[in-house]
Amino acid sequence: MDMITEAFRGLFPDRAFLYEGILKYSGRFKGYNANVRLSRKTMIFSLSKRWRPVSREIKIGLIQELMVRILKERGHTSNIDMYNYFMKNLHMGIVKDRQDPFLMESFNRVNQEYFMGMLEAPNLVFGKKSCRKLGSYDFGTDTITISTVLRETDPEVLDYVMYHEMLHKKHKFRHCNGRSYHHTAEFRQKEKKFKDSELMEQRLKQILKKGSFLSVFKGI
């Protein structure tokens, strides 16, 4: 039995799989990313090439996770649990060879102040000069990416964004009914523990507002 059919039957044992399933591996994804498209009666699963050597059981969990999303249904299996466990622990096997010195200084400040110096440093890189997306954390590559805009701001603002992304690295996500929740109530409570967090939010809003004005002017 192919993995896609097996994944569907694991989720919905009392239903027939009425789709054509296509599974392909692509080099255009970063880390362990993947997606699914539904075209009429065809489910097309595209996985990063890094998924090739991963165990069949974990890949079935990934496919089931994508199925639940595309079909907008609820479902839970032991394979999905294995997939989520795999994703939450990927960081342990990823090489950390991209650590910008400027960002490492920010990471170290935040790590000592709020994590007792116990959080392992991920890859730390600058992204585009964007005012719309100031920071992100990628589980599949264990990478915190910071907008180049923050190189030019108050170090406290940079540290606040860094703190936010470090919280994602530490707390990962909560999975429920086919959905992953990253900004949980617990996460928001932790976020407020940053010194002068409300003031930092105001400063970030100013940066975002400035970015929206720049976008308007570029369109003139």
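In what follows, every heavy atom counts, from backbone to side chain, and hydrogens, waters and symmetry copies are set aside. Predicted model, so just to flag it, every value in this text is computed and none were measured.
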field: Phe45 ring center within less than 6.0 Å of Trp51 ring center
entry: no
message: Phe107: which residues meet the ring pair (Phe, Tyr, Trp, His ring centres under 6.0 Å) condition with it, sequence neighbours left out?
response: none
message: Using the salt bridge (charged side-chain N to carboxylate O under 4.0 Å, His left out) criterion, which residues pair with Arg98? Sequence neighbours excluded.
response: none
query: CE of Met82 to CG of Leu62: how many Å apart, nearest 0.5 Å?
result: 12.5 Å
Counting only pairs under 3.5 Å, give me each side-chain donor-acceptor contact of residues 22-43, with atom names and distances, residues two or more places apart or in other chains.
from: Tyr25; atom 1: OH; to: Lys59; atom 2: NZ; distance (Å): 3.2
from: Ser26; atom 1: OG; to: Arg28; atom 2: N; distance (Å): 3.1
from: Asn33; atom 1: ND2; to: Lys30; atom 2: O; distance (Å): 3.1

message: Can you tell me if Lys195 has over 12 outside heavy atoms packed within less than 6.0 Å of its NZ?
response: no
task: Give, for atom CD of Glu120 and atom CD1 of Ile94, the distance between the pair rounded to the nearest 0.5 Å.
output: 9.5 Å
query: Can you name the residues that form a salt bridge (charged side-chain N to carboxylate O under 4.0 Å, His left out) with Asp159, not counting sequence neighbours?
result: Arg109
- request: Tell me whether Tyr85 is reachable from Tyr83 by hopping between hydrophobic residues (I, L, V, M, F, W, Y) whose side-chain heavy atoms are closer than 4.5 Å.
  value: no
- prompt: So, for Val161 and Leu134, which heavy atoms are closest and what is the spacing to 0.1 Å?
  reply: CG1-O, 3.9 Å
field: Residue list, salt bridge (charged side-chain N to carboxylate O under 4.0 Å, His left out) with Glu198, at least two apart or on another chain
entry: none
query: Listed by chain and number, what are the salt bridge (charged side-chain N to carboxylate O under 4.0 Å, His left out) partners of Glu156, not counting sequence neighbours?
result: Arg203
- prompt: Does the distance from a Lys or Arg side-chain N to an Asp or Glu carboxylate O, for Glu113 and Lys193, drop under 4.0 Å?
  reply: no
task: Begin with the C-alpha distance, continue with both residues' side-chain angles, and end with the deciding distance and a verdict on side chain to side chain contact (heavy atoms under 4.5 Å, CB included) for Asn108 and Glu105.
output: CA-CA 5 Å; Asn108 288 335; Glu105 289 181 6; 5.8 Å; no
message: Among residues at least two apart in sequence or on other chains, which ones pass side-chain hydrogen bond (donor to acceptor under 3.5 Å, both in side chains) with Thr141?
response: Asp138, Thr143
message: Using the rule given for side chain to side chain contact (heavy atoms under 4.5 Å, CB included), can you reason through Asn79 versus Ile58, listing the C-alpha separation, both sets of side-chain angles and the distance that settles it, and then say yes or no?
response: CA-CA 6 Å; Asn79 292 91; Ile58 294 174; over 6 Å; no
Full working for side chain to side chain contact (heavy atoms under 4.5 Å, CB included) between Lys170 and Phe115: CA-CA 9 Å; Lys170 180 178 180 180; Phe115 299 92; 3.8 Å; yes
field: Interatomic distance, Gln202 atom CD to Asp196 atom CG [nearest 0.5 angstrom]
entry: 10.0 Å
message: Can you list, by chain and residue number, the hydrophobic cluster partners of Met116 when the side-chain cut-off is 4.5 Å?
response: Met118
query: Mind checking who shares a hydrophobic cluster with Val125, ILVMFWY linked at side-chain heavy-atom distances under 4.5 Å?
result: none
task: Drop me the distance from Leu167's CG to Met162's CE, to the nearest 0.5 angstrom.
output: 12.0 Å
task: Just say parallel, tilted or perpendicular for the rings of Tyr114 and Tyr163, cut-offs at 30° and 60°.
output: tilted
- prompt: Thinking salt bridges, do Arg69 and Glu65 make one under a 4.0 Å N-O criterion?
  reply: yes
query: According to a 4.5 Å side-chain heavy-atom criterion applied to Ile, Leu, Val, Met, Phe, Trp and Tyr, with indirect links allowed, do Phe126 and Leu204 form part of one hydrophobic cluster?
result: yes
task: To the nearest 0.5 angstrom, please state how far the CG atom of Asp100 sits from the CE atom of Met104.
output: 9.0 Å
- prompt: What residues form a ring pair (Phe, Tyr, Trp, His ring centres under 6.0 Å) with Tyr19, not counting sequence neighbours?
  reply: Phe17
Do any side-chain atoms of residues 3-13 form donor-acceptor pairs under 3.5 angstrom with protein atoms, and if so which ones, sequence neighbours left out?
from: Thr5; atom 1: OG1; to: Asp2; atom 2: OD1; distance (Å): 3.3
from: Thr5; atom 1: OG1; to: Asp2; atom 2: OD2; distance (Å): 2.8
from: Glu6; atom 1: OE1; to: Arg56; atom 2: NE; distance (Å): 3.3
from: Glu6; atom 1: OE1; to: Arg56; atom 2: NH2; distance (Å): 2.8

task: Measure the spacing between CD1 of Ile70 and CD1 of Ile63 and express it to the nearest 0.5 Å.
output: 14.0 Å
- request: Provide the closest heavy-atom pair for Gly127 versus Thr148 in the form atom of the first, atom of the second, distance.
  value: O-OG1, 2.7 Å
query: Residues in side-chain hydrogen bond (donor to acceptor under 3.5 Å, both in side chains) with Thr77, at least two apart?
result: Gln64
- request: Run through Tyr137, Phe187, Phe194 and flag the one making a ring pair (Phe, Tyr, Trp, His ring centres under 6.0 Å) with His164.
  value: Phe187
